[in-house]
Amino acid sequence: MTDSTTPDYRATLNLPDTPFPMRGDLPKREPGWVKQWNDDGLYQRLRDARCNAPKFILHDGPPYANGQIHMGHAVNKVLKDMIVKARQLAGFDAQYVPGWDCHGLPIENAIEKKHGRTLSRDDMQAKSRAYATEQIAQQMVDFQRLGVLGDWKKPYRTMDFANEAGEIRAFKRVIERGFVYRGLKPVYWCFDCGSSLAEFEIEYADKKSQTLDVAFPSAEPEKLAAAFGLNKLDKPAFVVIWTTTAWTIPANQALNLNPVLEYALVDTDKGLLVLAASLVEKCLARYGIAGTVLATTLGEKLGGLNFRHPLAHVDAGYDRLSPVYLAEYATADDGTGIVHSSPAYGVDDFNSCRAHGMGVDDILNPVGGNGVYAADFPLFGGQQIWKAVPVILEALKNAGHLMATETISHSYPHCWRHKSPVIYRAAAQWFVRMDEGEGVFTKDKAPKTLRQMALDAIDHTSFYPENGKARLRDMIANRPDWCISRQRSWGVPVPFFLHKETGELHPDTMAILDRAASIVEEGGIEAWSRATVEDILGATDAPHYTKSSDILEVWFDSGSTFWHVLRGTHANTGGSLGHHDVGPEADLYLEGHDQHRGWFHSSLLLACAIYGRAPYRGLLTHGFTVDSQGRKMSKSLGNGIEPQAVSQKLGGEIIRLWVAASDYSGDIAGDDKILARVVDAYRRIRNTLRFLLANVSDFDPATDAVPAAQMLEIDRFALARAAEFQAEILKHYEVYEFHPVVSKLQVYCSEDLGAFYLDVLKDRLYTTAPKSLARRSAQTALWQITHAMLRWMAPFCSFTAEEAWAIFAPGQGSIFLQTYWNFADVGATPDAALLAKWAAVREVRDAVNKAIEAVRTEGGVGSSLQANVTVAAPPETHGLLASLGEDLKFVFITSVAQLAKAPELAITVTPSNAQKCERCWHWRDDVGHDSAHPTLCGRCTSNLHGEGEVRTVA
């Protein structure tokens, strides 16, 4: 205890103070920032602040308006927000208009689950619109809670009347360019959807199927013998096929053989079998029989021969011929080398049959949209196709034509919504053509095919990461024509009228499209649904035409948003985008990597069809959210982390920092342990920021700033390093990289600042006179570093940067109104010589610290200030350290630092024999030199009562 007359020297120190709390208390305080941003109209203020700046447009890929957001949504929206904010801080007018995908099957499913499947079209549309509106409101709150800044007052929704009308006008333009046609083709069909699906809506999963080898009896044994060079056949002959789709056998209409493949005629107890020569041994083993090859021939010799349906003698409905067509897709990779063809249920089968003269009206298509055979279909009418498989197998077995069957597990296409297996099914649909061909009502035919234009556009697009380019290119290069029509209610109509007898479109179709767009723009798709044939065509034509009930598939909805959304909300962009009369390009589209087959894909095709170019300059893809074991987060596994729960427990800022710290080019791992590490990283950044704020709390740059030329050398070095660091991270921001920024910022805070500069600075900040050049020089550097750091971290630690900015620069609005700190304006640049010098000094300091620590471990000294250090160094290093003069000891944080020359670096540490100053804790021989202050050293008495010590370097 000291008596009451003993001076309290601690009170004489310039101890830091700030209202910026050590604990962020994020869950409680973040909602206040969200409210303030909304109340202040921050998004519009940002637009006003950049009204003449070059624009940066990240066009939002609309999430589906169905259900609460999950962590995948959070990752996506936070990434977009960080990019937009980084561009805003770079000086761009970085607009972000959030959007929602509102039409389509998931919403219809939700309505059907609640209200049943008997709703009228009008009722379904009304309930779907109301449901989507509710879902958007819920999701919007969650996105804003994550600190995402955007035009939340005027988002775009694909179900907005203007956007629905815009989609019809985009459709009209695609027609004019010659890409739309109607055709009967096998398309992916989901029984749960009751509709066709696009390639984008297919995913592959394992499915158990029953394989079967089926014998088709020869209808022309003499011709078959001749094809094999034989005079006659002594036994009944059969061609044997292998398939995994037993349900297609009843609709068989042809057989396909490869013209250049060798086929064998095999004599067995089951008759003469035609098999691919290279597969005979495998096939006979599968059938459990022996056989002898009588002759071989090339497939081309068998073309045109006729066989009978294997059920021809069971029911007259199957008494038909199955001709052999030659097709290269029949291979000897597996099965028998012969492919049975049901043209309604396979693209290759369809193309082969059509190429060999089969008429569209002759194609059998007994499977309804619900997966049930037509009621009058022989033997299997009214049965669901999957359930009919054992019945079909039994019928084939009883007919004596089932050679073998077994259960296999194989990769099979599934509906990505229902996770149920799909089939190919022929249906009259509207298509967008990829290659040469005629379209309906072509007015302004495109100079190239859609496939060519899309591939060219890919070459002019930047990809992040780069491997996305090959992925999208492969998909475009190999994709079939795009089926754009769907047989549902909740979507933008295909506003066509078809002649009841000819099936032809009404001759005024293009004018009807314009009228439909106007009607929809006024009253939504519901208004078009209510319009009758008479309303549109008049009394004369109405009796002869049928109004199409098809809708445009949902990928046409989202894929066409560039046409009406960018031209609406981002009209007259100019600036960095370059203005196009037909509308701007987005600088960036950003979605998960599955969107190479989804939104990126459909947007590319529609923009090329309309404009002849991509709607975007760059594509960025991110991975899925997974747990620490790499498993995709899912409710069924119970391994997900929900953004709402994390925001409530840890804060939205932690989600943001987690996303920023993750390499999004791959899958993004997250769980409680990973988030705990993110919390630790956040605390380190926050503590550094708190130190900076505290130590400039009494600094007024207008009166206290020190010109660069008068600053101490280490302060000039700190600014040069900060300028160098800023240049590094801005390069990362330019290419949308965040995890290197977070990693480097953590190192910068802990090493450049915490372990070195701030460590060295504390003595000068705390012990020198408050207004001394030495302290103001340090504060000038810290003030600039704080300016810079708040901007560096603002894209990802948005709440914290805004909180700190309000304390650091009160009355100056939001941090996002600022631009990156310009060090050059204050005379700071990445000075190569200065940086190199201090990098060398730091290396010696590290060696000194290591030597002191060794002595400390042995009990020789307590703190480093108790150590006297002698550094013996070779000439170059000696000269470097000597240039620091008396300030060398402050760099080493020792009370004494001496130099000596030696061939190699050597460090000697001895404990001080001097006394410890009560105020600055240095061990000095002049402690007590002033009897009025017996516990203080000379530098402290000078700093308190004299002219103050002189610092030149540190």
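One is the number of the first residue; the rest follow in order along the sequence.
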- Item | CG-CG distance between Leu58 and Leu588, expressed to the nearest 0.5 angstrom | 5.0 Å
- Ignoring hydrogens and angles, state whether a donor on the side chain of Glu30 or Ser647 is under 3.5 Å from an acceptor on the partner side chain. no
- Yes or no on side chain to side chain contact (heavy atoms under 4.5 Å, CB included) for Leu89 and Thr819, after CA distance, side-chain angles and deciding distance? CA-CA 4 Å; Leu89 286 161; Thr819 55; 5.8 Å; no
- One should read off an interatomic distance between Leu719 CG and Phe725 CZ, to the nearest 0.5 angstrom, of 14.5 Å
- Pair Trp792 and Tyr820, ring centroids less than 6.0 Å apart: no
- Message: Determine whether the aromatic ring centres of residues Trp805 and His787 are separated by less than 6.0 angstrom.
- Response: yes
- Message: Tell me if the CD atom of Glu886 is crowded by more than 12 foreign heavy atoms within 6.0 Å.
- Response: no
- Query: Do Phe738 and Tyr733 have their ring centres less than 6.0 Å from each other?
  - Reply: yes
- Query: Rounded to the nearest 0.5 Å, what separation is found between the CG atom of Leu590 and the CG atom of Asp81?
  - Reply: 11.5 Å
- Would Arg29 and Asp25 pass as an ion pair if we require N to O under 4.0 Å? no
- Thinking salt bridges, do Arg721 and Glu724 make one under a 4.0 Å N-O criterion? yes
- Message: Closer than 4.0 angstrom, basic N to acidic O: yes or no for Glu803 and Arg686?
- Response: yes
- Task: Report the C-alpha distance between Val869 and Thr908 in whole Å, list the side-chain angles of each, state the deciding distance to 0.1 Å, and finish with yes or no for side chain to side chain contact (heavy atoms under 4.5 Å, CB included).
- Result: CA-CA 6 Å; Val869 174; Thr908 304; over 6 Å; no
- By side-chain hydrogen bond (donor to acceptor under 3.5 Å, both in side chains), Glu949 pairs with (sequence neighbours left out) Arg939, Asn943, Arg951
- Item | Validation row, ring centre His933 to ring centre His945 under 6.0 Å | yes
- Task: Decide yes or no on salt bridge (Lys or Arg N to Asp or Glu O under 4.0 Å) for Asp752 and Lys744, but give the supporting numbers first.
- Result: CA-CA 10 Å; Asp752 290 271; Lys744 290 180 177 181; over 6 Å; no
- Task: Kindly compute the distance separating CZ (Phe823) from CD1 (Ile785), expressed to the nearest 0.5 Å.
- Result: 6.5 Å
- Item | Cation-aromatic face contact Lys85/Phe816, 6.0 Å, 45 degrees | yes
- One should read off an interatomic distance between Asn14 CG and Thr768 OG1, to the nearest 0.5 angstrom, of 6.0 Å
- Message: Does this structure show an ion pair linking Arg856 with Glu853, if we count only N-O contacts that are shorter than 4.0 Å?
- Response: yes
- Query: Can we say Arg631 and Asp667 salt-bridge, meaning some charged N sits less than 4.0 Å from an Asp/Glu carboxylate O?
  - Reply: no
- Message: Please evaluate residues Val896 and Lys889 with respect to the criterion side chain to side chain contact (heavy atoms under 4.5 Å, CB included), reporting the C-alpha separation (whole Å), side-chain torsions for both, the decisive distance (0.1 Å), and the verdict.
- Response: CA-CA 6 Å; Val896 175; Lys889 62 179 178 291; 6.0 Å; no
- Could you walk me through whether Gln915 and His922 pass the side chain to side chain contact (heavy atoms under 4.5 Å, CB included) check? CA-CA 8 Å; Gln915 286 185 280; His922 282 245; over 6 Å; no
- When you check the gap from the basic side-chain N to the acidic O, do Glu713 and Lys837 get nearer than 4.0 Å? yes
- With a 4.0 Å cut-off, would you call Asp680 and Arg683 a salt bridge? yes
- Query: With the threshold set at 4.0 Å, does a side-chain nitrogen-carboxylate oxygen contact exist between Asp8 and Arg919?
  - Reply: no
- Query: If you measure from CZ on Arg677 to CG on Leu657, what distance do you get to the nearest 0.5 Å?
  - Reply: 12.5 Å
- Query: With a 6.0 Å cut-off on ring centres, are His593 and Phe624 close enough?
  - Reply: yes
- Query: Would you call Arg845 and Asp759 a salt bridge, using N to O less than 4.0 angstrom?
  - Reply: yes
- Do Arg842 and Phe756 meet the cation-pi criteria used here (NZ or CZ under 6.0 Å from the six-membered ring centre, within 45° of the axis)? yes
- According to the interplanar angle, ranging from 0 to 90°, do the rings of Trp838 and Phe717 count as parallel (below 30°), tilted (30 to 60°) or perpendicular (above 60°)? parallel
- Query: Regarding Thr800 and Tyr682, is there a side-chain donor-to-acceptor distance under 3.5 Å anywhere?
  - Reply: yes
- Is there a donor in the side chain of Thr941 and an acceptor in the side chain of His929, or the other way round, less than 3.5 Å apart? yes
- Message: Would you say Ser895 and Gln866 are linked by a side-chain donor-acceptor pair, where the criterion is simply a distance under 3.5 Å?
- Response: no
- Query: Side-chain donor-acceptor pair under 3.5 Å between Ser697 and Asp17, yes or no?
  - Reply: no
- Please determine if Asp698 and Arg775 form a salt bridge, counting it only when a charged side-chain N lies under 4.0 Å from a carboxylate O. yes
